[in-house]
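What follows is one structure encoded as structure tokens, with my remarks underneath.
Every heavy atom of this structure was used, including side-chain atoms; hydrogens, water molecules and symmetry mates were not.
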Amino acid sequence: MSEYVIVRINEKLIPEFQLNYNASENIAKKSKISSWSDIKVQKNQSLTLILSSNNILNTEVKIPSKNEEVIRQSMPYALEEELANDIDDNHFAYRQKSEQQFIVSIVNKDIMYEIINQINDADLKCTQLYSEIYTIPSIENFTSFCILEDYVIIRDGYTGSTIRRKLIGDYLKLSKNTKQVVYSQNKLKLVDNSSITLNRQDTTLLQAKTLIANMTSAKVINLFQGDYQQDIDAKKSVNPWKKLIVLSIFLMGSWLFINLFQLWKLSSEINTIKDSQSALLIELIPNASQTEINDPYSAIQSRLKLSKNQQSVSGGVGFIKALSYLGQTLDQHPTIQVQSLRQRNTKLEVKLLAQNVNLLNQFQSSLEKNVLSMRIKTGTRDASKDGISSVITMEQL
């Protein structure tokens, strides 16, 4: 990506200016802003934040370990004596300088929380937060000064700070370093000191180019590390009420889906049972009407009642009554299957299938108890892979 947006966050955590830098054309433009909502980033641009160096403590520490987790856990305790507050109140970001040597940037956790909340509230995508000292060059054995409109950035290796612009003269006089380079866009009248080198150039372009160069060569410490690492593809934090609404909609949708599925399954089972009832009705009553076929259960019940009344008057039992007794007994022995029914005059032949002979005997015994007005006979029994089949004859006395 060749287009960058660099925004400076001042000591009060308010955006102060925005740099738009086109690396391919080597052009940088600076505009003043005063709030997070003023930050403008196009789709083809990446956002980088620079934080006032006065909010950051930069130091160096030696930790004899190569394990990343050990390094991160040991670092706060190794630097505890350099801190004015409790180590738990601070965030430690670092980069490795040598095998056991690390450069560390320490920021108060409240500052990190506030910056992340402001990024989310402004609907911005940003994965890079650096100290502003990385916007000016670092020359070995030199102290670098970059004079801006309202303040001056000071960098001495990996450490740095800012001072008010009017204090630059006094600072140069009191500086212990005998080698100093000053970057300024305008001509300056400095103290008469041969150790001071004045480098006049566009400070807006200088800051943008220097930061991108440091980022490219990995000579910076990104403060978004550890618990504060940002993922631009991750979803932004959602308002608790929005979470509750989304969860409620999900639960209602799940409940509705489960109930509709159960209704569909129940409807399918009802249709299957109804088809079986229709097939049985047609088998028993070939001349059944269309109305009876539409409601086979009611039709069978009606036919049974009608047949029972007619047989009660005539004194006979008949086919329907025998079928009624058979049904009552089948209810008591659900494992018995009816394979076929056949009526011959006053006899009803029922072919049954059971898992074993004992179940057939139990069924016959129950049938004889239920049907006192009929004679029950058992025919031959045949064994097959499905079980034991037998024909039982129900004959009117």
Side-chain angles (χ1 to χ4, degrees), residues 258-397:
I258 292 172
N259 279 272
L260 289 175
F261 176 77
Q262 289 179 339
L263 286 174
W264 171 81
K265 187 176 181 181
L266 181 61
S267 178
S268 298
E269 292 176 353
I270 291 174
N271 290 334
T272 301
I273 295 173
K274 191 172 181 180
D275 291 341
S276 301
Q277 291 174 343
S278 297
L280 179 61
L281 176 66
I282 293 173
E283 183 178 350
L284 297 177
I285 310 172
N287 62 342
S289 65
Q290 185 61 45
T291 303
E292 290 177 316
I293 293 175
N294 291 337
D295 191 358
Y297 178 79
S298 298
I300 291 175
Q301 292 289 330
S302 178
R303 291 274 185 157
L304 286 172
K305 290 180 181 178
L306 180 62
S307 175
K308 184 176 181 180
N309 293 335
Q310 291 175 347
Q311 290 174 3
S312 177
V313 174
S314 61
V317 177
F319 171 74
I320 298 299
K321 191 169 185 177
L323 190 62
S324 175
Y325 291 141
L326 177 64
Q328 295 176 16
T329 309
L330 285 171
D331 287 340
Q332 301 170 6
H333 300 272
T335 60
I336 302 297
Q337 299 181 24
V338 177
Q339 291 187 307
S340 64
L341 296 171
R342 181 181 179 188
Q343 185 180 19
R344 299 177 61 187
N345 298 324
T346 59
K347 298 179 181 180
L348 177 62
E349 295 179 355
V350 184
K351 187 175 181 180
L352 303 172
L353 177 65
Q355 295 179 357
N356 53 58
V357 175
N358 186 38
L359 293 174
L360 277 174
N361 291 337
Q362 293 177 9
F363 178 84
Q364 182 178 348
S365 176
S366 298
L367 185 61
E368 289 173 349
K369 291 178 182 179
N370 291 336
V371 187
L372 300 176
S373 59
M374 300 187 75
R375 183 184 296 110
I376 308 299
K377 295 181 179 179
T378 304
T380 58
R381 296 178 175 179
D382 298 320
S384 66
K385 63 178 182 178
D386 297 324
I388 307 297
S389 61
S390 177
V391 176
I392 292 180
T393 302
M394 300 175 67
E395 183 178 6
Q396 183 177 351
L397 294 176

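To the nearest 0.5 angstrom, L352 atom CG is 11.0 Å from H333 atom NE2. For the atom pair CD of Q337 and CG of D386, the computed distance is 8.0 Å after rounding to the nearest 0.5 Å. The CG atom of N271 sits 10.0 Å away from the OG atom of S278 when rounded to the nearest 0.5 Å. The line from CG of L263 to CD1 of I270 is 9.5 Å long, rounded to the nearest 0.5 Å. The distance from atom NZ of K351 to atom CG of L341, rounded to the nearest 0.5 Å, is 12.0 Å. How far OG1 of T335 is from CG of L353: 9.5 Å, rounded to the nearest 0.5 Å.
The side chain to side chain contact (heavy atoms under 4.5 Å, CB included) search around R381 returns V357, L360, N361, Q364, T378, I388, S390, not counting sequence neighbours. N356 pairs by the side chain to side chain contact (heavy atoms under 4.5 Å, CB included) definition with N358, L359, not counting sequence neighbours. Under the side chain to side chain contact (heavy atoms under 4.5 Å, CB included) criterion, K369 pairs with S365, not counting sequence neighbours.
You'll find the side chain of Q332 reaches within 4.5 Å of the side chain of N370, heavy atoms only.
Formation of a donor-acceptor pair under 3.5 Å by the S366 side chain with backbone atoms of Q362 is found in this model.
Annotation for V371 and M394: closest pair CG2-CE, 4.1 Å, computed over non-hydrogen atoms.
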Carefully, step by step, assess I336 and T329 under the rule side-chain contact (heavy atoms from CB on, under 4.5 Å).
-> CA-CA 10 Å; I336 302 297; T329 309; over 6 Å; no
List the steps, then state whether side-chain contact (heavy atoms from CB on, under 4.5 Å) holds for L326 with I392.
-> CA-CA 11 Å; L326 177 64; I392 292 180; over 6 Å; no
Carefully, step by step, assess L348 and M374 under the rule side-chain contact (heavy atoms from CB on, under 4.5 Å).
-> CA-CA 10 Å; L348 177 62; M374 300 187 75; 5.7 Å; no
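Around CD of Q328, the count of heavy atoms belonging to other residues, nucleotides or ligands within 6.0 Å exceeds 12.
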